Each structure stands twice: as C-alpha cells, then as structure tokens.
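Note that the structure is a prediction, hence the values are computed from the model and not measured.
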Amino acid sequence: MTYTSDILVEEHDVIERMLKVVRTAAERLEEGDGLPAEAFLHMVDFIQNFADRCHHAKEENILFKLMEKRGFSLSNGPIGVMLQEHEEGRRFTRNMKTAALSLQEGDHLAKREIINNAHGYVDLLSQHIFKENNILYPMANHAFTPEDQQYLAKEFERVETEAMGEGVHEKYHHLVLELEKRLMMK
C-alpha cells in the first residue's frame, strides 16, 4: 500500500536540508562572519511558510484529526507531544525573526538571539522529525484504511493549492538550494 505519510517524509527531507543551512548560518554568525540579517529572514520565511503553513498544516488539520477519529488522543501521547513541539518551534522562529529584524536595523547584540533561537529550532526540529518519521507516521499508517490514505492524499493536495498556491512549493525548494549554495559552499 502507498502511504501518504511518504509525502510528509519527503517534506521532512527538504526541511532537514534547511535545518543544516540554519545551523551553518548560526555557526558562521557565532564565528564572527558578517552574515546579513536578510539570510536569516529568508530562513524564517521558509520555516513559517513551507514548514509551518504547509507541512504542519497538513499534520495538524488533516493527519492528526484523522488519527483522532481512529482513536488517538490529540492532547496526550505522541500527537500531544508533536503539537507542543510545533508551538515551541513557532516560538523559536518568531524570536529569530525579531532578532534578525533588529540586526537589520543595526542592533549587533541581536546576533546572540539569532544564534540561540536558530540552534534551539534546529535541535528541536531534528528530534521532532525523527519521532514523526519513525514513531508517529508508522502508527498512523497501521491505523489507516486504504480509503483513509486516499482522503489524506486529496486533502494534502488541497492544502498545496489553497494554502500555498501554484508554484510556491517549488519556490521554497529553490530557496533551500540557493541558501545551500550561498552558505554551505564556503
């Protein structure tokens, strides 16, 4: 059987590439590299739109709700942990954006905030993705019927077109590639 969680795993692969970029950028900033705030704002844009508005929306609004219908608790157990971690990730991202905007305005003390929140986000999401790929998704796949999988595929596609829009997914794939070239090749 084909599992729609494979779509989420593929998105995790792209998110993990961005996590490497964020970690590298934070390390370079920590080492005194004059990395522009704009680079971090691009990373925040990816996180807020690709990772959160698209990927997490698929999980929170579709996958987790179907799991609840199949007997899983939204507030306890694995789903409750994932939802808490999504919120924690959003907090790190908001803080990183605020600090990057401050840095852009000339506040060089904001670098420490960027570094701390970037590392916090990367550490959190790295563990989060592992848990979803290796624990949560297999549990869901075991509980779902073929009809459930078809429903998920249709709803995931709806999120792609309605929440993101035509070509936006590809835009973020390209952004990851551009940031990898810019930051990882030095």
Side-chain angles (χ1 to χ4, degrees), residues 1-24 43-94 96 117-177 179-180:
M1 178 189 309
T2 303
Y3 297 117
T4 49
S5 63
D6 293 343
I7 294 166
L8 300 173
V9 171
E10 288 173 15
E11 290 174 356
H12 279 166
D13 293 344
V14 177
I15 293 167
E16 286 179 316
R17 287 173 54 202
M18 180 57 82
L19 294 178
K20 289 178 185 169
V21 167
V22 173
R23 182 177 305 284
T24 299
M43 294 171 216
V44 165
D45 177 46
F46 173 91
I47 294 165
Q48 289 181 328
N49 288 292
F50 184 89
D52 199 36
R53 198 167 127 231
C54 180
H55 178 79
H56 289 160
K58 289 175 185 173
E59 292 174 338
E60 293 176 4
N61 301 328
I62 302 165
L63 179 73
F64 295 171
K65 289 187 180 187
L66 184 57
M67 289 179 74
E68 182 182 34
K69 287 181 182 177
R70 298 296 171 259
F72 294 88
S73 170
L74 283 181
S75 57
N76 298 314
I79 297 174
V81 171
M82 296 302 105
L83 289 169
Q84 288 175 338
E85 290 179 358
H86 286 181
E87 285 305 317
E88 189 176 353
R90 289 176 182 121
R91 183 180 52 77
F92 281 127
T93 305
R94 281 191 305 271
M96 189 168 35
N117 284 285
H119 284 305
Y121 182 79
V122 169
D123 293 345
L124 172 74
L125 257 285
S126 297
Q127 295 174 27
H128 179 84
I129 288 171
F130 179 84
K131 289 184 272 191
E132 284 184 339
N133 286 354
N134 296 289
I135 299 166
L136 187 73
Y137 297 163
M139 288 170 56
N141 289 332
H142 183 73
F144 292 157
T145 66
E147 292 77 22
D148 290 339
Q149 295 291 344
Q150 289 174 346
Y151 165 78
L152 289 169
K154 185 179 109 210
E155 289 299 300
F156 286 1
E157 184 60 34
R158 183 184 57 75
V159 168
E160 286 289 327
T161 56
E162 291 178 14
M164 297 303 288
E166 187 74 30
V168 175
H169 210 95
E170 293 75 19
K171 168 190 154 187
Y172 285 108
H173 283 264
H174 182 72
L175 176 62
V176 171
L177 184 61
L179 288 170
E180 284 173 332

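Contact of the Arg53 side chain with the Gln48 side chain is not registered, since no non-hydrogen atoms from C-beta on lie closer than 4.5 Å. When side chains are defined from C-beta on, Leu19 counts as touching Ile129, because their heavy atoms get closer than 4.5 Å. Side-chain contact between Ile135 and Met82 is absent, with no heavy atoms from C-beta onward closer than 4.5 Å. Looking at Met139 and His142, their side chains never come closer than 4.5 Å, going by heavy atoms from C-beta outward.
Using bins of under 30°, 30° to 60° and over 60° for the plane-to-plane angle, the ring pair Tyr137/His12 lands in the parallel bin. Using cut-offs of 30° and 60° for the angle between ring planes, the Phe50 and Tyr172 rings count as tilted.
Side chain of Thr145 to backbone of Asp148: a donor-acceptor contact under 3.5 angstrom is found.
Listed here is the closest heavy atom pair of Phe156 and Thr4: CE2-O, 3.7 Å. Listed here is the closest heavy atom pair of Val22 and Ala118: CG1-CB, 3.7 Å. The two residues Cys54 and Val159 make their nearest non-hydrogen contact at O-CG1, 3.9 Å. The two residues Tyr121 and Ala51 make their nearest non-hydrogen contact at OH-CB, 4.1 Å. Across all non-hydrogen atoms, the minimal contact from Leu83 to Leu74 is CD1-O, 3.5 Å. Taking both residues in full, the closest heavy atoms of Leu63 and Ala140 are given as CD1-CB, 4.4 Å, listed atom of the first, atom of the second, then distance.
Under 4.0 Å is where a charged nitrogen must lie from a carboxylate oxygen, and between Arg158 and Glu155 at least one such pair does. Checked for salt-bridge contact, Glu132 and Lys58 miss the test: no charged N lies under 4.0 Å from a carboxylate O. Taking 4.0 Å as the cut-off between side-chain N and carboxylate O, Glu87 and Arg90 count as a salt-bridged pair.
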Between Leu136 and Glu59, is a side chain to side chain contact (heavy atoms under 4.5 Å, CB included) present by the stated rule, with each step listed?
-> CA-CA 11 Å; Leu136 187 73; Glu59 292 174 338; 6.0 Å; no
Residues Ile62, Tyr151; criterion side chain to side chain contact (heavy atoms under 4.5 Å, CB included); working and verdict = CA-CA 9 Å; Ile62 302 165; Tyr151 165 78; 4.2 Å; yes
Test log, rule side chain to side chain contact (heavy atoms under 4.5 Å, CB included), inputs Glu11 and His169 = CA-CA 10 Å; Glu11 290 174 356; His169 210 95; 3.5 Å; yes
Side chain to side chain contact (heavy atoms under 4.5 Å, CB included) assessment of Met67 paired with Phe144 | CA-CA 8 Å; Met67 289 179 74; Phe144 292 157; 3.5 Å; yes
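A distance of 7.0 Å separates CG in Asn117 from CZ in Arg91, rounded to the nearest 0.5 Å. Separating the CG atom in Leu66 from the CD atom in Gln149 is a distance of 8.5 Å, to the nearest 0.5 Å. One finds the CE atom of Met18 at 12.0 Å from the CG atom of Leu125 (value rounded to the nearest 0.5 Å). Taking OG1 of Thr24 as the start and CG of Leu179 as the end, the distance is 11.0 Å to the nearest 0.5 Å. The distance from the CG atom of Asn133 to the NE2 atom of His128 is 9.5 Å, given to the nearest 0.5 Å. Atom NE2 of His56 is separated from atom NE2 of His86 by 3.5 Å, given to the nearest 0.5 angstrom.
For Asp123, the side chain to side chain contact (heavy atoms under 4.5 Å, CB included) partners at least two apart in sequence or on another chain are Arg23. For Phe130, the side chain to side chain contact (heavy atoms under 4.5 Å, CB included) partners two or more places apart in sequence, or in a different chain, are Asn134.
The 12-atom threshold is exceeded at NZ of Lys131, counting heavy atoms of other residues, nucleotides or ligands nearer than 6.0 Å. Counted within 6.0 Å of CD on Glu166, heavy atoms from surrounding residues, nucleotides or ligands total 12 or fewer; the atom is thus considered open.
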